[in-house]
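Only one structure is covered here, and it is reproduced in the block below.
Keep in mind that this is a model prediction, so the values were computed, not measured. Every heavy atom of this structure was used, including side-chain atoms; hydrogens, water molecules and symmetry mates were not. Chain naming here is simple, since letters A, B, ... match the order of the sequence lines and numbering starts at 1 in each.
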Amino acid sequence: MDEKFNKPYDPSETEEKIYKKWEKSGYFAPEAHQPMAGNPKPFCIIMPPPNANGSLHLGHALMTTLEDIMIRYKRMRGFKTLWLPGADHAGFETQVVYEKKLEKEGRSRFQIPREKLWQEIWDFTQANKVVMEEQLKRLGASCDWSRKKFTLDKDIIEKTQDTFIQMHKEGLIYRGNRLVNWCVKHQTGLSELETKHEERTDALYYIKYGPITVATVRPETIFGDTAVAVNPKDKRYKDLIGKEIEVDVAVGKINLKVIADKVVDIEFGTGAVKVTPAHDQTDFEIWQRHKEEIEGPKEVINHLGRIDLKNYFPKNEVYEKLQGLKVLEARKVIVEELQKKGLIEKIDNDYKHDVSLCYKCSNILEPRLMSQWFVKMEPLAKPAIKAVEKGDIKFIPTRFKKVYFHWLKNIRDWNISRQIVWGIPIPAWFCLDEIAKKGLLPQKEIEPDQSLTHWRKWLDFSTKPVFIGRNPPKKCPGCGKNDLIQDPDVFDTWFSSGQWPFLTLGFEESESPSKSKIKSQKSKLSDYEQFYPTDVMETGWDILFFWVARMVMLGLYKTKKVPFKHVYLHGLVRDKDKQKMSKSKGNVIDPLGIVNEYGADALRMALIIGNTPGNDLAFSEEKVRGYRNFANKIWQASRFVLMNTPRTNLHEFNHKLTRIKLSAYDKKRLKEFESLKKSVTKEMDSFKFYIAGEKIYHYFWHTFADKIIEESKERLNGEDAKEKQSAQFILLEILTGSLKLLHPFMPFITEEIYQYLPGKIKKTLMVENW
RNA sequence: GGGUGCUUAGCUCAGUUGGUUAGAGCGUCGCAUUUACACUGCGAAGGUCAUAGGUUCGAAUCCUAUAGCACCCACCA
């Protein structure tokens, strides 16, 4: 027996060696593994690609463990398994991370030319990717590295753009002038999902608008007012509806029409609301309903969140005070000015309401009118709802179905334009001449204090793309002589990751059902043909809308098939007091630190046991320590078995046993193990890894080690040769069987011990028969 | 304002379609032992299953209401 069994189990000297052995075996790739005879069934998981902007956290470790368990289990069951790894460029997220880095260096992204910034972030993500891959390996991920994908691989970019082009052609994508959630800090618009809401207490100002008093929390937007709205049923204002009123807004006077709209709540405030279509979502919608009657949006707050009156008011004393002020400063000033004129009727300082914030920087979002690309969601949502209703996609746990339905049934169009450089370029082209005519020619050199926003400024509401496609003609197809310029915006990162399953598997447009049939008869099947739809999408519930729902919609749209059959949603990994881990709280646990100290197997068990799908997990180092102890228990029990069994193989053993009879006790023990195996298999098949793992743990420690081994001692040392042999047989048999059951959970230690077993049949435990 | 969960031992959580005495891990307490393993063994204490009703021969489990907690969604200025 090897010397090392005399010491406690040491993961650090085992794990790296074992991972190399696996990699060398080639068994991570589906085709290398030669499972049972016949036609093996495919089993495929596409790994949610981690963001290539940092290192892995415990959430990633959980994801990796869950998926690795499924993959290893299915591999041992003889399935042709593919676990496809990848990394996500994570557009906005990464740009935010990189901007923080720039800030520390005293630089700003607004002063770096696009191409250079792109290159810098590219290098940054490439470096992170290498680190992340190493981390995944340390966790034992048995994924097929030969197939790894990055969301900015050439084919992914092109196919993502093709989807856009196709959707545009079919009217599912349109360019709209709409109010977008604009983050003043990050200088980009965001989708609904990228906003968060928070309750704030602010002042509600009652301002006299001629004969009417309106209530508002944003007096600084009054310069952009184009109407006053009341409820059609409100008797108080009945006579004023349709009339124009003169309103003093301190910088000057404006005329506003009083209109009737059903959204106005009679009970709230004075029942009259100022309408500012350029800076408020509700008001924008009111304007859309009253386009004929009232003026459109007047932008009086610019992209930097500062007051800009130059288009609407003449310069005067108040103008000078306000011009260029940030929103909150402007609010104070305008209130003062209005008070001077006696136009503030009252102020309610205790008004509680929700504000929309940037989910990254928590700054208040400024709704801003912009020309952006939108995806029409309703036609995509309907099939996505149906697929789940029909049961083509099953949720684990099932309750997320309801959440999914609710979101899809109330879905809004999706803004997929982002004003950042880090992303997939939008294949839309504009005529340079048209832009030149507006005096807005894009500048290659960026002047100080002129941002990338300036760079895209020429893209105003009236500019229409003249060509949509990947390969634009040399000259504008409209005028025939001028150059084209590409849309400076990039896609929302989820637009590409929403297509991840079929993109990574190499879906080709030409793969119509009839063609692929002919093809499959002749040549090797493509990954897409073999593995799509994939079997399980395992990810966190927090990206159910961001990602899962969009994958379903885009997958159905492009391939006419669901992208996966099961959605397994795990929860958040929290600290031992159930607090969210965050850098500011200082309670972040680095998975690699845990692996270094206790081993990957112990970490994996700590993440799996007691962790039910959809629920958050309380993670503690004590828990890991417990499973580190368990690893040693396995080690020691194996040592005992190896010490007490001859170095022959199981076949020989079996052969002998045809002549010796197993004792009744041993038969009973084997039967007991068989029933454990059955029940564990059942739990594995129903995604209850937390139960499966616990059952094996409990059996191994408290039945195999505490009872079977203890009770074997006497017989092993006794005179009765048959009893001895019978005892040896079941020890080896149950140990081998247990290692198999444990392997998906604790792959390293089980593989290491397997290599010393006399009964070893396969080259690695990884491909043993379950 | 709408929705989804949760409430079971000191802590973290299981508990499948309602069916004997409600389980596990960690923790606590007692005892043992140089043993394959102290990263150990044996044993013990500890729960009126949030509360109040209801259905049932039988409820932690199903129904209703209440309370507390967590989260998600939402254009009342």
Reckon [X] touches a base, only the sugar-phosphate, or nothing at all at heavy-atom distances under 4.0 Å?
{"X": "A:V641", "value": "nothing"}
{"X": "A:A618", "value": "sugar-phosphate"}
{"X": "A:R574", "value": "nothing"}
{"X": "A:F284", "value": "nothing"}

Margin query: I'd like to check the side chain to side chain donor-acceptor pair (under 3.5 Å) partners of A:Y73; sequence neighbours left out, ordered by chain and number.
Written below: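 With neighbours one apart ignored, the set is A:R77, A:D685.
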
What is the pairing partner of [N], taking Watson-Crick or G-U wobble pairs with both distances under 3.5 Å in any strand?
{"N": "B:U35", "answer": "none"}
{"N": "B:C26", "answer": "B:G10"}
{"N": "B:G18", "answer": "none"}
{"N": "B:C62", "answer": "B:G54"}
{"N": "B:C69", "answer": "B:G5"}
{"N": "B:A74", "answer": "none"}

[X] has a side chain; which of [options] sits nearest to it?
{"X": "A:R639", "options": "B:C39, B:C42, B:A36", "value": "B:A36"}
{"X": "A:E710", "options": "B:U12, B:A36, B:A14", "value": "B:A36"}
{"X": "A:Y690", "options": "B:A77, B:A14, B:A74", "value": "B:A14"}
{"X": "A:K713", "options": "B:A74, B:U35, B:A77", "value": "B:U35"}
{"X": "A:Q636", "options": "B:C37, B:C76, B:U12", "value": "B:C37"}
{"X": "A:T216", "options": "B:G15, B:A77, B:G41", "value": "B:A77"}
{"X": "A:M643", "options": "B:G41, B:A77, B:A36", "value": "B:A36"}
{"X": "A:A637", "options": "B:U16, B:A36, B:C39", "value": "B:A36"}
{"X": "A:E285", "options": "B:C39, B:C37, B:C75", "value": "B:C75"}
{"X": "A:T612", "options": "B:A14, B:A77, B:A36", "value": "B:A14"}

Notebook entry, point to check: Atom OH of A:Y404 to atom C1' of B:C72: distance rounded to whole Å?
Noted result: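 After rounding, the reported distance stands at 17 Å.
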
Notebook entry, point to check: Between A:K623 (NZ) and B:C26 (P), how many Å, whole number?
Noted result: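 The answer, rounded to whole Å, is 11 Å.
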
Grab the N/O contacts between the protein and nucleotides 1-6 of chain B below 3.5 Å, and write none if there aren't any.
from: B:G5; atom 1: OP1; to: A:K402; atom 2: NZ; distance (Å): 2.6

Are [X] and [Y] close enough that their ring centres sit under 6.0 Å apart?
{"X": "A:F284", "Y": "A:H279", "answer": "no"}
{"X": "A:Y351", "Y": "A:H353", "answer": "yes"}
{"X": "A:Y697", "Y": "A:F745", "answer": "no"}

Checklist line | Most 5' of A:G626 and A:F630 on RNA chain B, judged by nearest nucleotide | finding: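 Result: A:G626.
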
Checklist line | Closest-nucleotide ordering on RNA chain B, the 5'-leading residue of A:Y351 and A:L193 | finding: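 Going by which nucleotide is closer to the 5' end, it is A:L193.
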
Margin query: Is it the case that over 12 heavy atoms from other parts of the model lie below 6.0 angstrom from the NZ atom of A:K401?
Written below: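 No, because the 6.0 Å sphere around NZ of A:K401 holds 12 heavy atoms or fewer from other groups.
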
Item checked: More than 12 heavy atoms from other groups under 6.0 Å of CD on A:E378 ->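 Count not over threshold, so no.
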
Next item on the list: Determine, for A:E672 against A:R669, whether the closest basic-nitrogen to carboxylate-oxygen distance falls under 4.0 angstrom.
Entry: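 A salt bridge links A:E672 with A:R669.
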
Notebook entry, point to check: Would you call A:D202 and A:R200 a salt bridge, using N to O less than 4.0 angstrom?
Noted result: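 Answer for the salt bridge query: no.
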
Margin query: Let's see if you get this right: which residues in residues 217-231 of chain A place a heavy atom under 4.0 Å from RNA chain B?
Written below: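 None - not one residue of the stretch has a heavy atom sitting under 4.0 Å from the strand.
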
Next item on the list: Show your working on side-chain hydrogen bond (donor to acceptor under 3.5 Å, both in side chains) between A:T645 and A:Q728 and close with a plain yes or no.
Entry: CA-CA 6 Å; A:T645 45; A:Q728 286 175 330; over 6 Å; no

Note to self: Counting distance alone, no hydrogens or angles: does the base of B:A70 have a donor or acceptor under 3.5 Å from a partner atom on the side chain of A:D616?
What the structure shows: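 When only heavy-atom distances are counted, A:D616 does not reach the base of B:A70 through any donor-acceptor pair under 3.5 Å.
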
Checklist line | Face-on cation placement of A:K346 at A:Y206 ring, 6.0 Å and 45° thresholds | finding: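 Verdict for A:Y206: a cation-pi partner in A:K346.
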
Next item on the list: Please assess A:R178 against A:D413 for the test salt bridge (charged side-chain N to carboxylate O under 4.0 Å, His left out), listing each intermediate value before the final yes or no.
Entry: CA-CA 11 Å; A:R178 301 259 230 103; A:D413 286 357; 3.6 Å; yes

Check: Side-chain N or O of A:H702 less than 4.0 angstrom from OP1 or OP2 on B:G23?
Finding: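 The answer is no; no side-chain N or O of A:H702 sits under 4.0 Å from OP1 or OP2.
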
